[in-house]
J.: 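Provided herewith is a single structure, encoded as structure tokens, for subsequent inquiry.
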Amino acid sequence: MRWKEGRKSENVEDRRGIRVSRGMMGGGIGTIILVLAALYFGIDPSVILNQTTTQDAGVPPGAVTQERSDEENRMADFVAVVLADTEDTWHELFRSSGKTYQEPKLVLFTEAVDSACGFAQSAMGPFYCSRDNKVYIDLQFYHDLETRFQAPGEFAQAYVIAHEIGHHVQNLLGISDKVRSLQQVADKGQANELSVRLELQADCLAGIWAHHADRSRKIVETGDIEAALRAASSIGDDRLQKQSQGYVVPESFTHGSSEQRVRWFKRGNETGTFAQCDTFKTERL
Ligand SMILES: [Zn+2]
């Protein structure tokens with residue numbers, strides 16, 4: 001992926017090395033988060049934890065000064081460039097349909113973080129919180145992507161950000177709200193299916209980003225799309241479930257299977273059109 005010349009976004013909030021305490025969210029919920037963490041990532045935690053509210057960490061957070069390695073600095077630069085690239089792409093696409101894109105913030109953190117959607121730990125993986133319009137990521141996740149999920153490569157890392165930005169786009173367009181209110185009156189299976197549709201659409205939107213970023217800024221190199229597809233496929237619910245429990249229960253999917261994730265990313269990437277990403281109206285999910 002060609003990114004070194006790219007513009008760096010000013011919307012990165014660097015909270016690495018800042019300690020946060022669990023505050024009110026000790027015990028039960030913390031455990032649930034950890035369990036979910038092991039299974040899923042990328043989900044807006046407010047979807048799961050309807051009860052969570054913004055809370056004070058209790059202990060004033062203290063900044064810890066840390067020496068950063070060259071690699072850490074490089075990763076932070078990379079994230080800032082990818083974020084800037086999503087800004088350019090979505091500004092353009094919103095403008096062309098007569099809307100205005102509002103840029104989200106991206107928070108870098110280590111180990112744990114407080115968001116408007118609640119306290120979160122790194123093990124949850126990157127997530128987007130619709131209550132504060134922020135994407136949260138611990139760069140350590142990229143290491144896991146390589147080792148645990150066997151999806152190396154910069155473009156796989158960029159895809160992860162683009163997917164979370166996809167959730168931001170859904171939020172701006174009012175799709176996330178609509179889904180949440182539908183979920184409140186749905187049974188568990190239906191609510192789950194709505195989550196899957198939301199997630200697959202975010203994958204498709206990540207594909208749209210890849211499509212336009214490459215056309216206007218030529219960032220994609222040979223093998224990049226395959227790397228993103230590998231990432232999409234390695235973090236499908238079926239694979240994650242198999243890894244963690246040894247069998248697959250499709251009704252409990254909240255992100256979609258590996259095959260579905262790959263297919264929707266490809267669709268966005270090949271067409272570059274929002275209309276092709278309507279996972280809510282499709283016959284074949
Ligand atoms: Zn997601």
Side-chain angles (χ1 to χ4, degrees), residues 11 13 32-33 36-37 39-54 83 86-87 89-91 93-94 97-107 113-120 124-137 159-209 232 235-237 252-256 260-261 264-265 267-268 273-282 285:
N11 288 311
E13 237 178 83
I32 294 170
I33 292 181
L36 289 167
L39 283 174
Y40 311 117
F41 83 85
I43 200 163
D44 174 345
S46 69
V47 173
I48 323 164
L49 300 168
N50 278 329
Q51 313 302 328
T52 60
T53 48
T54 315
L83 181 63
T86 63
E87 288 162 2
T89 301
W90 287 110
H91 269 304
L93 291 173
F94 270 59
S97 60
K99 297 189 182 78
T100 310
Y101 181 66
Q102 289 151 303
E103 297 173 357
K105 298 273 183 210
L106 185 149
V107 180
V113 73
D114 254 325
S115 75
C117 296
F119 175 83
M124 278 188 77
F127 66 95
Y128 170 73
C129 172
S130 56
R131 294 187 192 165
D132 56 17
N133 294 324
K134 292 179 184 181
V135 170
Y136 292 83
I137 184 166
Y159 153 78
V160 170
I161 298 174
H163 172 95
E164 299 308 331
I165 297 299
H167 286 310
H168 175 64
V169 169
Q170 292 172 320
N171 192 26
L172 292 181
L173 297 176
I175 299 170
S176 328
D177 269 351
K178 216 168 158 186
V179 165
R180 251 190 298 270
S181 55
L182 284 171
Q183 281 175 326
Q184 268 154 19
V185 292
D187 65 33
K188 203 163 171 257
Q190 290 168 324
N192 231 322
E193 197 196 305
L194 285 163
S195 279
V196 171
R197 289 182 191 272
L198 199 66
E199 290 303 326
L200 293 176
Q201 186 176 58
D203 284 332
C204 192
L205 298 179
I208 290 190
W209 163 74
I235 53 193
D237 285 338
S252 68
F253 286 0
T254 55
H255 280 76
Q260 287 173 312
R261 297 198 73 164
W264 283 98
F265 175 84
R267 187 146 161 180
T273 334
F274 191 81
Q276 291 297 319
C277 291
D278 194 345
T279 51
F280 294 91
K281 289 231 175 73
T282 185
L285 195 57

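What you are looking at is a predicted structure, and each value in this text was computed from that prediction instead of being measured.
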J.: What is the minimum heavy-atom distance between Ser130 and Cys117, and which atoms define it?
T.: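 What the structure gives for the nearest pair is N-SG, 3.9 Å.
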J.: Quick one: closest heavy-atom pair of Asp278 and Trp264, and the distance?
T.: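 Shortest heavy-atom contact: O-CH2, 4.4 Å.
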J.: Look at the side chain of Gln190 and the backbone N and O of Asp187, then say whether any donor-acceptor pair between them is shorter than 3.5 Å.
T.: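 Yes.
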J.: Are any non-hydrogen side-chain atoms of Ile161 and Val135 less than 4.5 angstrom apart?
T.: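 Contact flag for Ile161/Val135 side chains = no.
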J.: Looking only at heavy atoms, what is the nearest atom pair of Gly166 and Leu205, with distance?
T.: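 Scanning both residues, the minimum pair turns out to be O-CD1, 3.4 Å.
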J.: As an exercise, state the distance from CD1 of Ile137 to CD of Glu164, rounded to the nearest 0.5 Å.
T.: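 Rounded to the nearest 0.5 Å, the CD1-CD separation comes to 7.5 Å.
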J.: Quick one: list whatever passes salt bridge (charged side-chain N to carboxylate O under 4.0 Å, His left out) with Glu103, sequence neighbours left out.
T.: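 Partners of Glu103 by the salt bridge (charged side-chain N to carboxylate O under 4.0 Å, His left out) criterion come out as none, since no residue qualifies.
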J.: Judged by modelled atom types alone, do Gln102 and His168 share a side-chain donor-acceptor pair under 3.5 Å?
T.: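 No, because no side-chain N or O of Gln102 sits under 3.5 Å from a partner of the opposite role on His168.
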J.: Donor-acceptor pair, distance only, cut-off 3.5 Å: does the side chain of Gln201 make one with the backbone of Phe280?
T.: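 Answer holds: no.
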J.: Does any non-hydrogen side-chain atom of Phe127 lie less than 4.5 Å from one of Ser115?
T.: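 They are in side-chain contact.
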J.: Taking all atoms of both residues into account, what is the closest heavy-atom pair of Ala116 and Tyr136, and its distance?
T.: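 Closest approach of Ala116 to Tyr136, heavy atoms only: N-OH, 4.2 Å.
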J.: Suppose we screen for side chain to side chain donor-acceptor pair (under 3.5 Å). Which residues come up paired with Asn133, at least two apart in sequence or across chains?
T.: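 Side chain to side chain donor-acceptor pair (under 3.5 Å) list for Asn133, sorted by chain: Tyr128, Asn171.
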J.: Would Ile165 and Leu83 count as a side chain to side chain contact (heavy atoms under 4.5 Å, CB included) if you check the C-alpha gap in whole Å, the side-chain angles of each, and the deciding distance to 0.1 Å?
T.: CA-CA 8 Å; Ile165 297 299; Leu83 181 63; 3.7 Å; yes
J.: How long is the gap from CZ on Arg261 to CG on Leu200, to the nearest 0.5 Å?
T.: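 Those atoms lie 7.5 Å apart.
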J.: Between the main-chain N or O of Ala191 and the side-chain N or O of Gln183, is there a donor-acceptor pair closer than 3.5 Å?
T.: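 Such a contact is found between Gln183 side chain and Ala191 backbone.
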J.: Can you check whether Thr279's main-chain N or O pairs, donor with acceptor, with Thr282's side chain at less than 3.5 Å?
T.: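 Such a contact is absent between Thr282 side chain and Thr279 backbone.
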J.: Roughly how far apart are Trp209 CH2 and Leu93 CG, rounded to 0.5 Å?
T.: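 That separation rounds to 13.0 Å.
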J.: Is Phe274 close to Leu173 at the side-chain level, that is, under 4.5 Å between some pair of heavy atoms?
T.: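 Sidechains of Phe274 and Leu173: in contact.
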J.: May I ask you to decide if Gln276's main-chain N or O and Arg267's side chain share a donor-acceptor pair within less than 3.5 Å?
T.: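 Looks like yes, one N/O pair under 3.5 Å.
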J.: Partners of Asp177 by salt bridge (charged side-chain N to carboxylate O under 4.0 Å, His left out), sequence neighbours excluded?
T.: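 Salt bridge (charged side-chain N to carboxylate O under 4.0 Å, His left out) check on Asp177 returns Arg180.
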J.: For Asp203 and His163, work out which heavy atoms get closest and say how close.
T.: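 Closest approach of Asp203 to His163: OD1-ND1, 2.7 Å.
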J.: Taking atom CD1 of Ile208 and atom CZ of Phe265, what is their separation to the nearest 0.5 Å?
T.: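 Ile208 atom CD1 to Phe265 atom CZ measures 11.0 Å (nearest 0.5 Å).
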J.: I need the minimum non-hydrogen distance between Leu285 and Arg197, along with the two atoms involved.
T.: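 Heavy atoms of Leu285 and Arg197 come nearest at CD1-NH1, 3.7 Å.
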